[in-house]
Amino acid sequence: MAAPTNTASRFSGLTRTPRQRLGPTGPRRPVSRRRKPLTPYLFLLVPVALLAVFTYVPVVNMFGYSVTSWNGLSPTREFVGVDNYVEIATRPELFGVLRVSLYYIGASVVQIALALYFATVLSFNVRFRNLFKGIIFFPYLINGVAIAMVFLYFFQPGGTLDSALRVFGLGDLSQQWLGDPEVINYSLAGTSVWRYLGLNFVLFLGAIGSIPAQLYEAAEIDGANRWDQFRYLILPGIRPIVGLSFILAISGSLSVFEIPYIMTGGANGSETFVIQTVDMAFKYYKVGLASAMAVVLLLIILLLTWIQRRVVPDEKVNLS
């Protein structure tokens, strides 16, 4: 009698293979899921194009103008090589105006200190802190021309500042705030402090807000007061932002233009390097020399930024 047939044994020697979808010419290849979408690049196309047209192309043209003798109107430009740079190096009055930037650098230090103080205080739970945040940040939203016009009335003889001094019995301190070469740069630098305080304040406030709340709770449990929290928790946590603020302060102090140009036009010893550069191009029609001055200023800012980054390098902040 024949043995019964086992159905499972018939297929025991066969190897199962995964099912494949057949295409017109054979098996289809698996679809790759690592294809990079083009949407982000399409969104970046317009901003990058605008940045190139209005920033990088003018900078390249500036380098080209700096090696020519051109009045800005003539269709032809005479190539002079490094003669413009030699003239800058041999004319001390062109670099002498950089000493005015020292007033603004000192004002920037005061500005950063005040911004850090207010940001630290208002990061804690105090009354009307949102109101004070708005008051501190509001000047940064005002147009620079409007601020300069307001402070022209503020500093004029018999103006707001002199009236306030008389109210407090300090009328003897009144003087020519924008007419005395010994005082004018302090007045202009103080105006820049009032205007740009809000920018650093917002940067510091955002950086302080990124510190985890549980770290403050742990510090309070350990008995740390507000000063200890600032010294050992807040200041180390916002060190990169403080470094960035100093870089912006130095570059801004060397390239001051708006406030002194509108308020004084560079008179009475308030002329800055940028005002001198603008006058060289549009008043004396020496666009080639003015472009060389702009290149020199750019190189000075880059050099000081590099030195600052080497002296105070960025470090990763680890508060965990």
Side-chain angles (χ1 to χ4, degrees), residues 91-118 121 132 134-201 245-246 248-280 282-284 293 297 300 304:
R91 291 178 59 178
E93 67 273 13
L94 296 181
F95 276 111
V97 295
L98 285 176
R99 69 181 184 276
V100 177
S101 299
L102 298 177
Y103 293 94
Y104 295 94
I105 291 176
S108 297
V109 175
V110 175
Q111 171 188 305
I112 291 175
L114 290 175
L116 185 58
Y117 170 77
F118 288 124
V121 172
F132 290 122
I135 293 174
I136 295 174
F137 184 67
F138 178 72
Y140 184 70
L141 300 177
I142 305 177
N143 183 268
V145 177
I147 290 178
M149 298 303 296
V150 168
F151 274 89
L152 273 176
Y153 291 100
F154 181 79
F155 286 120
Q156 72 177 1
T160 307
L161 180 57
D162 289 345
S163 300
L165 291 176
R166 286 194 297 269
V167 168
F168 291 99
L170 301 175
D172 295 337
L173 298 178
S174 300
Q175 54 186 301
Q176 295 288 335
W177 301 104
L178 298 179
D180 188 354
E182 300 293 331
V183 180
I184 184 171
N185 288 312
Y186 292 103
S187 302
L188 297 176
T191 304
S192 67
V193 170
W194 184 83
R195 185 194 176 189
Y196 293 104
L197 177 65
L199 174 62
N200 287 314
F201 169 75
S245 297
F246 274 103
L248 295 176
I250 292 176
S251 61
S253 299
L254 293 175
S255 57
V256 174
F257 170 73
E258 192 176 47
I259 289 177
Y261 185 78
I262 296 172
M263 295 181 66
T264 65
N268 300 324
S270 63
E271 186 179 33
T272 63
F273 193 84
V274 178
I275 292 177
Q276 192 178 63
T277 302
V278 172
D279 287 343
M280 192 68 67
F282 301 104
K283 185 177 181 180
Y284 303 108
M293 294 173 64
L297 179 61
I300 291 174
L304 292 178

Flag if over 12 foreign heavy atoms under 6.0 Å of [atom1], [X]:
X      : atom1 : value
Tyr140 : OH    : no
Arg99  : CZ    : no
Asn143 : CG    : yes

Calculate, to the nearest 0.5 Å, the distance between atoms [atom1] and [atom2] belonging to [X] and [Y] respectively.
X      : Y      : atom1 : atom2 : answer
Met293 : Met280 : CE    : CE    : 5.0 Å
Ile142 : Met149 : CD1   : CE    : 14.0 Å
Thr277 : Phe282 : OG1   : CZ    : 10.5 Å
Ser251 : Leu304 : OG    : CG    : 9.5 Å
Asn268 : Gln176 : CG    : CD    : 9.0 Å
Leu102 : Ser253 : CG    : OG    : 9.5 Å

Side chains of [X] and [Y]: closer than 4.5 Å at any heavy-atom pair?
X      : Y      : value
Ile300 : Leu254 : yes
Ile259 : Tyr104 : no
Leu178 : Leu152 : yes
Leu188 : Tyr103 : no

Kindly state each residue pair satisfying salt bridge (Lys or Arg N to Asp or Glu O under 4.0 Å) with at least one member in residues 252-266, sequence neighbours excluded.
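As it turns out, the salt bridge (Lys or Arg N to Asp or Glu O under 4.0 Å) pairs with a partner in residues 252-266, which skip direct neighbours, are Arg195-Glu258.
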
For Phe257, give me all partners under ring pair (Phe, Tyr, Trp, His ring centres under 6.0 Å), at least two apart in sequence or on another chain.
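Tyr261.
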
What pairs with Phe151 under ring pair (Phe, Tyr, Trp, His ring centres under 6.0 Å), at least two apart in sequence or on another chain?
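For Phe151, the residues satisfying ring pair (Phe, Tyr, Trp, His ring centres under 6.0 Å) (neighbours in sequence not counted) are Phe154, Phe155, Trp194.
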
Mind listing the closest non-hydrogen atom pair of [X] and [Y] along with its distance?
X      : Y      : result
Gln111 : Ser192 : OE1-O, 3.6 Å
Ala115 : Leu197 : N-CD1, 3.5 Å
Val274 : Ser255 : CG2-CA, 3.5 Å
Ser270 : Val100 : O-CG1, 4.3 Å
Asp162 : Pro157 : OD2-CA, 3.5 Å
Ile184 : Ala267 : CD1-O, 3.6 Å

Any residue meeting salt bridge (charged side-chain N to carboxylate O under 4.0 Å, His left out) with Arg91, in chain and number order, not counting sequence neighbours:
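Residues passing salt bridge (charged side-chain N to carboxylate O under 4.0 Å, His left out) with Arg91: Glu87, Glu93.
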
Applying side chain to side chain donor-acceptor pair (under 3.5 Å), name anything that partners Thr160, two or more places apart in sequence or on another chain.
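None.
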
Flag, side chain of Asn200 to backbone of Leu116, donor-acceptor distance under 3.5 Å:
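Answer holds: no.
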
Could I get the full list of side chain to side chain contact (heavy atoms under 4.5 Å, CB included) partners for Val183, not counting sequence neighbours?
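So Val183 forms a side chain to side chain contact (heavy atoms under 4.5 Å, CB included) with Gln175, Trp177, Asp180, Ser187.
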
